Amino acid sequence: MDTTGITRIDGEKVDGRRPRVVVLGAGYAGAMAANRLRRNPAVDVTVVNPQPFFVQRIRLHQFVSGTGDPQVGFDDVLADDTRVLVDIATRIDTGGRRVHLASGAHLDYDYLVYAIGTRHRTPEIHGAAEHALFIADWVGAQRIRERVEGLGEHETVTVIGGGLTGIEVAAEIAETGHGVRLVGGRGIATSVGARARRATERQLSRLGVDVVDQGRVVEVGERTVTVDIDGEHTVLPSAATILATGFEAPELAAVSGLATDEIGRLRADATLSSLDDDRVVGAGDAVAVEGITLRMSCQAAEPLGAQAADAVLAKIAGELPNIVDQGFVAQCASIGRRAATLQFTRRDDSPTRAVVTGRLAAWTKELVCRETVENIRREAARPGKFSWFSGPKTTIIEPEPAGR
Ligand SMILES: Cc1cc2nc3c(=O)[nH]c(=O)nc-3n(C[C@H](O)[C@H](O)[C@H](O)COP(=O)(O)OP(=O)(O)OC[C@H]3O[C@@H](n4cnc5c(N)ncnc54)[C@H](O)[C@@H]3O)c2cc1C
């Protein structure tokens, strides 16, 4: 608490009140930012999130198959004096520094952390919007789980998308005994190196996943998919069709008149400040940082959340925020509960020759999932302690723009 009752905001003095920071979204980036903001105990932090608990998005595929629970209580991960509003931000009035909420209420802020993550992107596949299920967020995962639980013994699930998310979902469902077909479109696990890819394919095959790596789904019906392989269309039964074809950001920034990129992410400068309004600071999947390409991941989201909080605190103190600096160390995909592929990377996320597979990789992946939550907990207990790997010194690669 500021005992003087006077707090500097960008050099201004605000009498008798603490600087108000509203954090939109309490995922990996938002929760990390909210806790780190406690480095300055004078800051009043309010978090807005649609769910009344923290969702470990990286366990959604486990939720779908009943092997893991992604819900963690906010009282377990957020610092004690954080106010949480279970609501949805519908518009940001940047002129009035006010966030409008779905409930009809509003929140005034001095600074805003924009960390609302991403949702599924519906590809231009005929029938997908009507008949497919989407693995991207809590609501989508609940729908998939309901459908998977209702499946008959011999019914087949189709997963569309050969990236790490599609692989994780396909493997997790296959391990429960259901028939699973994984249609890659542009190949399977293309973000990892050849060794890791071969190991991933072997593990998928052990679980009985039917991998159609070069096929493209061109139509989704109520209980079918039409796959194009070398120009030939084949209609296949599919009791549930799950899309894992990339993410996009919700339209909040765009409807609020803030500049966005082609998939709706808030465009921010290298200090994470919105290009249009330096009171708005982006973090996590929902931000596109000028000049830097970061794979959407919790690996990127937590350091971004910490740096967003640091940027806000610098602004409150009338200082210039630092330029974002962070890098990757690995890509990791679970392949059911007993195997995984761990591909070590350079800081720019490009694969190295180091690959770990099988049980050791599965154990490591589980550790990573736990650590991502522990990082946030530790930051609540000791704000400012979270650290991360710095970024590449020379090159920035351009991985796929939308999704893991
Ligand atoms: C099945 C699956 C597996 C994955 N596995 C991995 C993995 O192994 N490793 C990895 O690094 N990444 C993985 N990812 C990607 C990772 O989950 C995301 O990159 C990460 O969650 C991004 O963190 P975030 O905080 O930006 O967004 P999120 O974690 O999505 O959090 C955003 C929060 O904002 C809330 N929100 C949305 N709209 C609003 C609004 N209008 N107002 C207020 N709140 C709002 C959301 O409900 C959510 O709680 C996986 C993703 C999926 C779907």
Side-chain angles (χ1 to χ4, degrees), residues 22-34 46-65 68 70-72 74 84-92 99-103 107 112-120 134-141 144 159 161 163-172 242-244 246-247 249-253 255-256 264-266 282-287 294-305 308 328-334 340-342 349 364-366 368-369 371-373 376 402-404:
V22 171
V23 179
L24 300 183
Y28 299 95
M32 176 59 78
T46 304
V47 170
V48 181
N49 197 67
Q51 301 82 29
F53 42 79
F54 176 83
V55 174
Q56 291 185 70
R57 214 172 142 193
I58 67 174
R59 288 200 194 271
L60 285 184
H61 55 296
Q62 288 185 252
F63 174 75
V64 159
S65 59
Q71 304 169 73
V72 182
F74 278 137
V84 179
L85 275 188
V86 178
D87 215 322
I88 299 170
T90 52
R91 194 169 63 82
I92 305 162
V99 183
H100 294 272
L101 305 172
S103 63
L107 277 173
L112 189 78
V113 177
Y114 188 87
I116 63 170
T118 42
R119 61 186 181 195
H120 70 265
F134 298 90
I135 182 79
D137 56 25
W138 176 238
V139 175
I144 299 174
V159 177
L164 303 186
T165 305
I167 289 167
E168 289 192 321
V169 178
E172 207 77 30
I242 300 170
L243 280 175
F247 306 132
E251 60 283 335
L252 178 61
V255 300
S256 306
R265 295 179 298 178
L266 176 79
D285 276 7
V287 66
L294 294 168
R295 173 169 49 94
M296 288 181 190
S297 57
C298 56
Q299 200 177 151
E302 290 191 342
L304 282 169
F328 291 94
V329 281
Q331 298 182 25
C332 194
S334 61
T341 301
L342 174 59
D349 208 29
T364 311
K365 174 73 199 268
E366 176 55 28
V368 168
C369 290
E371 273 302 296
T372 54
V373 179
I376 299 170
R404 286 173 83 216

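Residue indices begin at 1 and follow the sequence shown. Everything numeric in this text was worked out from a predicted model, so none of it was measured. Side-chain atoms are counted along with the backbone in the values below, which use heavy atoms only and exclude waters and symmetry mates. Counting starts at 1 for both ligands and their atoms, following the listed order.
Using a 4.0 Å cut-off between charged nitrogen and carboxylate oxygen, Asp137 and Arg119 do not count as a salt-bridge pair.
Between the side chain of Tyr114 and the backbone N or O of Val287, no donor-acceptor pair lies under 3.5 Å. In this structure a side-chain-to-backbone donor-acceptor pair under 3.5 Å is present from Asn49 to Ala26. Looking at Glu168, its side chain does come within 3.5 Å of a backbone N or O of Ser334 through a donor-acceptor pair. At least one donor-acceptor pair closer than 3.5 Å links the side chain of Asp87 to the backbone N or O of Ser103.
In summary, the side chains of Arg57 and Thr165 do not present any donor paired with an acceptor at a separation below 3.5 Å, with no hydrogens or angles considered.
Polar contact check, Cys298 against ligand 1: a nitrogen or oxygen pair lies under 3.5 Å apart. At least one N/O-N/O distance between Tyr28 and ligand 1 falls below 3.5 Å. The distance criterion of under 3.5 Å between nitrogen or oxygen atoms is met by Ser297 with respect to ligand 1. Between Leu252 and ligand 1, no pair of N/O atoms sits closer than 3.5 Å. Residue contacts with ligand 1: Arg57 is placed with a nitrogen or oxygen under 3.5 Å of a nitrogen or oxygen of the ligand (distance criterion only).
Residue contact annotation: Asn49 has a non-hydrogen atom under 4.0 Å from ligand 1.
In the vicinity of Ala301, heavy-atom distances shorter than 4.0 Å reach the ligand 1 atoms 22 (C), 23 (O). Set against the non-hydrogen atoms of Ala29, the atoms of ligand 1 under 4.0 Å away are 25 (O). Listed by number with element, the atoms of ligand 1 under 4.0 Å from a non-hydrogen atom of Val48 are 43 (C), 44 (N). Listed by number with element, the atoms of ligand 1 under 4.0 Å from a non-hydrogen atom of Gln51 are 47 (O), 49 (O). Close contacts between ligand 1 and Cys332 involve ligand atoms 8 (O) [criterion: under 4.0 Å to a heavy atom]. Here is the list of ligand 1 atoms found below 4.0 Å of a heavy atom in Pro50: 35 (C), 36 (N), 43 (C), 44 (N), 45 (C), 47 (O). Proximity to Ile88 (heavy-atom distance under 4.0 Å) selects the following atoms of ligand 1: 40 (C), 41 (N), 42 (N). For ligand 1, the atoms sitting less than 4.0 Å from at least one non-hydrogen atom of Gly27 are 25 (O), 29 (O), 31 (O), 33 (C), numbered in the order shown with element in parentheses.
Here Lys365 has side-chain heavy atoms under 4.0 Å from ligand 1, and that is the only part of it that gets that close. Heavy atoms of Arg119 found under 4.0 angstrom from ligand 1: none, in either backbone or side chain. Residue contacts with ligand 1 for Thr165 involve side-chain atoms from C-beta outward but no N, CA, C or O (heavy atoms, distance under 4.0 Å). Both the backbone and the side chain of Ala89 come within 4.0 Å of ligand 1, judged by heavy-atom distances. Contact annotation for Ala115 and ligand 1: only backbone heavy atoms (N, CA, C, O) come within less than 4.0 Å of the ligand.
Contact annotation: the side chain of Lys365 never approaches that of Leu342 to less than 4.5 Å [non-hydrogen atoms, C-beta and beyond]. Side-chain contact between Phe53 and Pro70 is absent, with no heavy-atom pair separated by less than 4.5 Å. Side-chain contact between Gln299 and Gln331 is absent, with no heavy-atom pair separated by less than 4.5 Å.
No option in Tyr28, Phe74, Trp138 other than Tyr28 meets the ring pair (Phe, Tyr, Trp, His ring centres under 6.0 Å) test with Phe54. Here the options are Thr90, Leu107, Val86, the test is side chain to side chain contact (heavy atoms under 4.5 Å, CB included), and the partner is Leu101; only Leu107 passes.
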Q. Where do Arg59 and Glu172 land on the salt bridge (charged side-chain N to carboxylate O under 4.0 Å, His left out) test, with the steps shown first?
A. CA-CA 11 Å; Arg59 288 200 194 271; Glu172 207 77 30; over 6 Å; no

